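Since we're looking at a predicted model, the values are computed, not measured.
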Amino acid sequence: MSAAAESFWPTVPFGRGVEMLARDENGVAALLKPAGVLSHPNERKDEPRSLIAARYDAAAECFEWPSADGAPGAGRLWLLNRLDS
């Protein structure tokens, strides 16, 4: 795994009960979320119930969160797929 990927994952603000199942050197990860947690928010008010506890940019279709020093947009995560029942 690259140093960038190693330093990225600890910064991801996972939502309540979300677990990482696996990840690879390309930055792809499999996540497990409990029932009731949204893959992504449909509206801004849904962000607290989402997979990632961060702002969701609907235009860019990604989650964004600040760096430890508060710089905006330092972390970004895109959803590739989701499996539904």
Side-chain angles (χ1 to χ4, degrees):
M1 180 164 299
S2 72
E6 279 296 319
S7 64
F8 171 78
W9 289 108
T11 71
V12 178
F14 291 117
R16 180 183 40 88
V18 175
E19 299 175 43
M20 181 180 298
L21 298 177
R23 64 183 188 201
D24 72 8
E25 66 277 356
N26 298 308
V28 176
L31 305 175
L32 176 65
K33 67 176 190 62
V37 172
L38 303 172
S39 294
H40 63 79
N42 296 314
E43 298 179 30
R44 188 138 184 126
K45 67 181 172 115
D46 294 331
E47 287 178 0
R49 300 188 306 127
S50 296
L51 184 73
I52 307 299
R55 178 182 170 275
Y56 186 76
D57 183 332
E61 297 180 340
C62 69
F63 288 96
E64 291 183 327
W65 59 93
S67 67
D69 65 0
R76 287 194 175 132
L77 186 126
W78 287 262
L79 300 176
L80 297 177
N81 197 353
R82 69 179 201 212
L83 303 175
D84 295 308
S85 59

| task | Give a yes or no answer on whether the side chain of N26 reaches the backbone of V28 with a donor-acceptor pair at less than 3.5 Å. | result | no
| So if you build clusters from Ile, Leu, Val, Met, Phe, Trp, Tyr with side-chain heavy-atom gaps below 4.5 Å, do L32 and V18 land together? | no
| request: Check whether any side-chain heavy atom of F14 sits under 4.5 Å from a side-chain heavy atom of K33, and report yes or no. | output: no
| field | I52 CD1 to H40 NE2 distance, which is reported to the nearest 0.5 Å | value | 12.5 Å
| task | May I have the step-by-step check of side chain to side chain contact (heavy atoms under 4.5 Å, CB included) for Y56 and E64, ending in yes or no? | result | CA-CA 6 Å; Y56 186 76; E64 291 183 327; over 6 Å; no
| task | Could you tell me which non-hydrogen atom of G17 sits nearest to which non-hydrogen atom of P34, and how far apart they are? | result | O-CD, 3.4 Å
| query | Quick one: OG on S50 to CZ on R16, what's the gap to the nearest 0.5 Å? | reply | 11.0 Å
| Which value, rounded to the nearest 0.5 Å, describes the distance between E61 atom CD and R76 atom CZ? | 13.5 Å
| message | Once you measure the plane-to-plane angle for W65 and F8, does it fall in the parallel (<30°), tilted (30-60°) or perpendicular (>60°) bin? | response | tilted
| request: Measure the spacing between CG of L51 and CG of L38 and express it to the nearest 0.5 Å. | output: 9.5 Å
| Run the side chain to side chain contact (heavy atoms under 4.5 Å, CB included) check on E47 and F63 step by step: do they pass? | CA-CA 10 Å; E47 287 178 0; F63 288 96; over 6 Å; no
| query | Is W9 reachable from L79 through a run of hydrophobic residues whose side-chain heavy atoms are each under 4.5 Å from the next? | reply | yes
